[in-house]
Amino acid sequence: MQIESLYHSPHTKWAYSYDSSTFHLRVRTKKNDVNEVTAITGDKYDWDNYHNDYPMLKIATDRYFDYWETELSPAQKRFSYAFRLQSEEETIWMTESGIYEEQPHPPAGYYEMPYMHEIDGFKAPEWAKSAIFYQIMPDRFANGDTSNDPEGVLEWGEQPTLDSHFGGDFQGILNHLDYLTELGVTAIYLTPIFEAPSNHKYDTVDYRKVDPHFGDTALLKELVAACHAQQIKVVLDAVFNHSSVDFPPFRDVLTNGKQSKYADWFHIRDYPVEVKKEGPLNYETFGFFASMPKLNTTNPEVKQYLLDVAEHWLQEVKIDGWRLDVANEIDHSFWRDFRKVVKRANPEAYIIGEAWSDSLRWLLGDQFDSVMNYPFSDRVLPFFQAEQPNGLSFAENMNHILMRYPTPTNEVLFNLLGSHDTPRVLTMFKENKSRLKLAVTFLLTYLGTPCIFYGDEIGLKGEQDPDCRKCMEWDESRQDKDLFDFYKRLIALRKEHEVLRFGRFTFLRADAEDGRIIYERSSEKEVFTIWMNHAEETSILAQPADLETEDWQDAFSGEPVKPNDGFISMELEPFGFRILRRSLPR
């Protein structure tokens, strides 16, 4: 056994509470190096009477490692533990104190879970695990009230520019709630809605005022109430990393310089502060955008101001959560206090941070419930775009990011294929709908909380910003109804079957230099297998079936699918897929 590859840590993603009574343990070993892993557990105060061995299941494999997991429910909510690892010719024990060829006498030197305090665990809102999100940029979704249009508004559907406005508003969203319900959406995420000069509103001027081009607080309340009446949650965008140069405290700094009482609200390098279109700035900003000065969230006044804003809109309008812009550039202390304020106002509020890479440090139960899972799209899109796909590499990559987080976190990660910050998904697939449909199928049958960017479901196209932020197309003759029905059917399937939301995810087939994959979602009640032929020619896939009498059926049509000679065999057209399901005996 390659001892150097063995890894376990008694916290974070390696040892964690799944719920108030269930605990998960994970171990990493070298790929294909270990045949069996067992968790040896017991109560340190009475090992003989509270001792159990738990076989561990190999749950994932990436390029270099295998990952093993088991779950247990300790009677006293505490336990000590070690691991027994076996290969063909070797057995070793791994404890906190080291690696041994014979089992050390327990519990001295063993790993320890002193006590499972529910308050210390990761807990996201239950509704978020089943949500189907739909992202809306209010200016581009629908213009329901032309009386509040900004000056110089363009004709609906014209080519957008970085500065153009189209007059979309809350009334427009209200007018189309039935459309969202028909699609199957259960939650919407609105990009910023507070007063700001831009069309995207990520340069906030007044955090306590709805932008008048969208409506007012009364109309926002009406929108949220109407959404709730149709069982749709509403999440707003909080831009707390930076503001606008027209934000009154920053204007005061421009006027009064070092003497301004708001001087420490920002990161000022020297005075006088100058807003320039070119050249280096003497204040910190989001990126290098002079119009977006970075807020100093370690300043107690700034911190309290923003926390009050978060609490205000939760209480005033009854929203269901916050998506946090540029969340990874704000200090952790701020987010810990933010969570306390938000959860006090609404314990079921969903907190989604914008972070584009490994985000475990924000997802330990004290800050965010979720993050925008761009690593998901960074792996899914290239695979389904590839002319010569490598299924094995794809499976390894997906398993690698699954193992970044504990299972409760994976169940609520905010998965997306595209957003306002990326080209349109149909464009990324060079308008090849067959490839796109495979990616959408993966999104809606994968672990986590899926999100659809407005218009993707009816075939909107567009390159990078501003082209990806085109107006929603409401002329039904110009909508791709086939694509809409495709999204609708998959969303309905996900909503109908709990296993597609909470079931274990496992690749059953994934080969190098081959785009044909089969993966499984499984629970104690039901099993789904998803078969994909990511190839330009018809292909036959086969997968072992445990029993000749297994009652498989097509998940959409209900048509029976019978195993033959211990295998299920499936012929798939180019870029075709099939979803099978079977119920398990109770």
Side-chain angles (χ1 to χ4, degrees), residues 137-140 149-154 159-169 190-214 236-258 260-299 301-303 305-306 309-310 322-331 334 354-356 419-422 464-469:
M137 295 193 74
D139 183 64
R140 305 298 161 85
D149 287 358
E151 185 177 344
V153 66
L154 298 184
Q159 181 63 30
T161 66
L162 290 172
D163 301 320
S164 54
H165 294 261
F166 288 91
D169 48 36
L190 300 177
T191 55
I193 63 166
F194 305 117
E195 186 175 34
S198 65
N199 53 50
H200 53 71
K201 310 299 177 187
Y202 281 100
D203 48 348
T204 311
V205 171
D206 191 338
Y207 288 86
R208 286 181 170 265
K209 180 181 178 183
V210 169
D211 194 291
H213 298 145
F214 294 159
L236 299 184
D237 209 324
V239 190
F240 291 167
N241 177 68
H242 55 271
S243 68
S244 166
V245 288
D246 293 322
F247 181 46
F250 193 76
R251 300 302 307 176
D252 192 275
V253 173
L254 291 177
T255 300
N256 297 309
K258 192 179 297 187
S260 170
K261 65 178 181 178
Y262 300 108
D264 193 47
W265 277 46
F266 306 91
H267 298 270
I268 310 298
R269 297 191 182 101
D270 55 62
Y271 297 89
V273 177
E274 297 181 81
V275 179
K276 300 184 293 184
K277 291 186 178 180
E278 296 181 0
L281 299 167
N282 58 357
Y283 58 95
E284 294 183 21
T285 62
F286 163 60
F288 293 98
F289 295 96
S291 61
M292 298 181 184
K294 183 174 175 63
L295 290 161
N296 179 12
T297 50
T298 62
N299 179 306
E301 292 180 358
V302 176
K303 186 174 189 175
Y305 172 83
L306 296 175
V309 166
W322 288 104
R323 180 266 186 184
L324 311 170
D325 189 56
V326 203
N328 57 346
E329 296 185 20
I330 295 176
D331 61 278
F334 177 87
E354 183 193 19
W356 289 61
S419 73
H420 63 292
D421 288 324
T422 71
Q464 194 62 266
D465 177 28
D467 198 37
C468 61
R469 304 179 183 184

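The basis for the numbers below is simple: all heavy atoms, side chains too, and nothing from hydrogens, waters or symmetry mates. As the structure is a computational prediction, the values presented were derived from the model and not from experiment. All residue numbers refer to positions in the sequence shown, counting from 1.
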(Q) Please evaluate residues D270 and K258 with respect to the criterion salt bridge (charged side-chain N to carboxylate O under 4.0 Å, His left out), reporting the C-alpha separation (whole Å), side-chain torsions for both, the decisive distance (0.1 Å), and the verdict. (A) CA-CA 9 Å; D270 55 62; K258 192 179 297 187; over 6 Å; no

Q: Test side chain to side chain contact (heavy atoms under 4.5 Å, CB included) on L254 and V275 and set out the steps.
A: CA-CA 9 Å; L254 291 177; V275 179; 4.0 Å; yes

Q.
Assess the residue pair L236 and I193 against the criterion (side chain to side chain contact (heavy atoms under 4.5 Å, CB included)); give the C-alpha distance rounded to whole Å, side-chain angles, the decisive distance to 0.1 Å, and a yes or no.
A. CA-CA 8 Å; L236 299 184; I193 63 166; 3.8 Å; yes

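Proximity of S260 to T255: side-chain heavy atoms (C-beta onward) are nowhere separated by under 4.5 Å. For the pair K294 and T285, the minimum side-chain heavy-atom distance is 4.5 Å or more. When side chains are defined from C-beta on, N299 does not count as touching Y262, because their heavy atoms never get closer than 4.5 Å.
For the pair F214 and G168, the tightest heavy-atom approach, listed with the atom from each and the gap, is CD2-O, 3.4 Å. Counting all heavy atoms, side chain and backbone alike, D169 lies closest to G167 at OD2-O, 3.4 Å. Minimum heavy-atom separation, L324 to W322: CD2-CB, 3.8 Å. Across I330 and T297, no two heavy atoms sit closer than the pair CG2-OG1, 3.6 Å. Residues P160 and P466 share a closest heavy-atom pair of CG-O, 3.3 Å. The nearest pair of heavy atoms linking H165 to V153 is O-CG2, 3.3 Å.
Here F250 and F266 bring their ring centres to under 6.0 angstrom of each other. You'll find the ring centres of W265 and Y305 inside the 6.0 Å limit.
Applying the ring-ring contact (aromatic ring centres under 6.0 Å, His included) test to F166 and every residue at least two apart in sequence or in another chain returns nothing. Residues forming a side chain to side chain contact (heavy atoms under 4.5 Å, CB included) with T161 (at least two apart in sequence, or on another chain): D163, S164. Taking Y271 as the reference, nothing meets the ring-ring contact (aromatic ring centres under 6.0 Å, His included) condition, with sequence neighbours excluded. Y202 is linked by a ring-ring contact (aromatic ring centres under 6.0 Å, His included) to H200, H420, counting only residues two or more places apart in sequence or in another chain. Listed by chain and residue number, D337 satisfy the salt bridge (Lys or Arg N to Asp or Glu O under 4.0 Å) test with K303 (two or more places apart in sequence, or in another chain). In this structure K276 satisfies the side chain to side chain contact (heavy atoms under 4.5 Å, CB included) test together with E274, L281, sequence neighbours excluded. Residues passing the side chain to side chain contact (heavy atoms under 4.5 Å, CB included) test with Q464, sequence neighbours excluded: P423. Taking T422 as the reference, Y374, S419, M428 meet the side chain to side chain contact (heavy atoms under 4.5 Å, CB included) condition, with sequence neighbours excluded. Taking the side-chain hydrogen bond (donor to acceptor under 3.5 Å, both in side chains) definition, one finds that S291 meets it with nothing, sequence neighbours left out. Under the rule for a side-chain hydrogen bond (donor to acceptor under 3.5 Å, both in side chains), E329 has no partner lying at least two apart in sequence or in another chain.
Side chains of N296 and E284: a donor-acceptor N/O pair is absent below 3.5 angstrom, by distance only.
Taken from CG in N199 to CG in D139, the straight-line distance is 5.5 Å, to the nearest 0.5 Å. Atom OH in Y283 sits 10.0 Å away from atom CZ in R269 (nearest 0.5 Å). The line from CG of L295 to CZ of F334 is 9.0 Å long, rounded to the nearest 0.5 Å.
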Only pairs under 3.5 Å count here: list side-chain donor-acceptor contacts from residues 204-212, not counting sequence neighbours, and write none if there are none.
{"residue": "D206", "atom": "OD1", "partner": "R208", "partner atom": "N", "Å": "2.9"}
{"residue": "Y207", "atom": "OH", "partner": "V239", "partner atom": "O", "Å": "2.8"}
{"residue": "Y207", "atom": "OH", "partner": "H242", "partner atom": "O", "Å": "3.0"}
{"residue": "R208", "atom": "NH1", "partner": "H312", "partner atom": "ND1", "Å": "3.4"}
{"residue": "D211", "atom": "OD1", "partner": "H213", "partner atom": "N", "Å": "2.9"}
{"residue": "D211", "atom": "OD1", "partner": "H213", "partner atom": "ND1", "Å": "3.3"}
{"residue": "D211", "atom": "OD2", "partner": "A196", "partner atom": "N", "Å": "3.0"}
{"residue": "D211", "atom": "OD2", "partner": "K201", "partner atom": "NZ", "Å": "2.9"}

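Taking 4.0 Å as the cut-off between side-chain N and carboxylate O, D467 and R469 do not count as a salt-bridged pair.
Between F289 and F286, the ring planes are parallel. Angles under 30° get that label, and only those over 60° would be called perpendicular.
Distance alone, capped at 3.5 Å, is enough to place a donor-acceptor pair between the E354 side chain and the V326 backbone. For N282 (side chain) and P272 (main-chain N/O), a donor-acceptor pair under 3.5 Å exists by modelled atom type. The closest donor-acceptor contact from the side chain of D203 to the backbone of M292 lies at 3.5 Å or more, if one exists at all.
For the salt bridge (Lys or Arg N to Asp or Glu O under 4.0 Å) condition, the pairs that include at least one residue of residues 239-255, sequence neighbours left out, are D246-R251.
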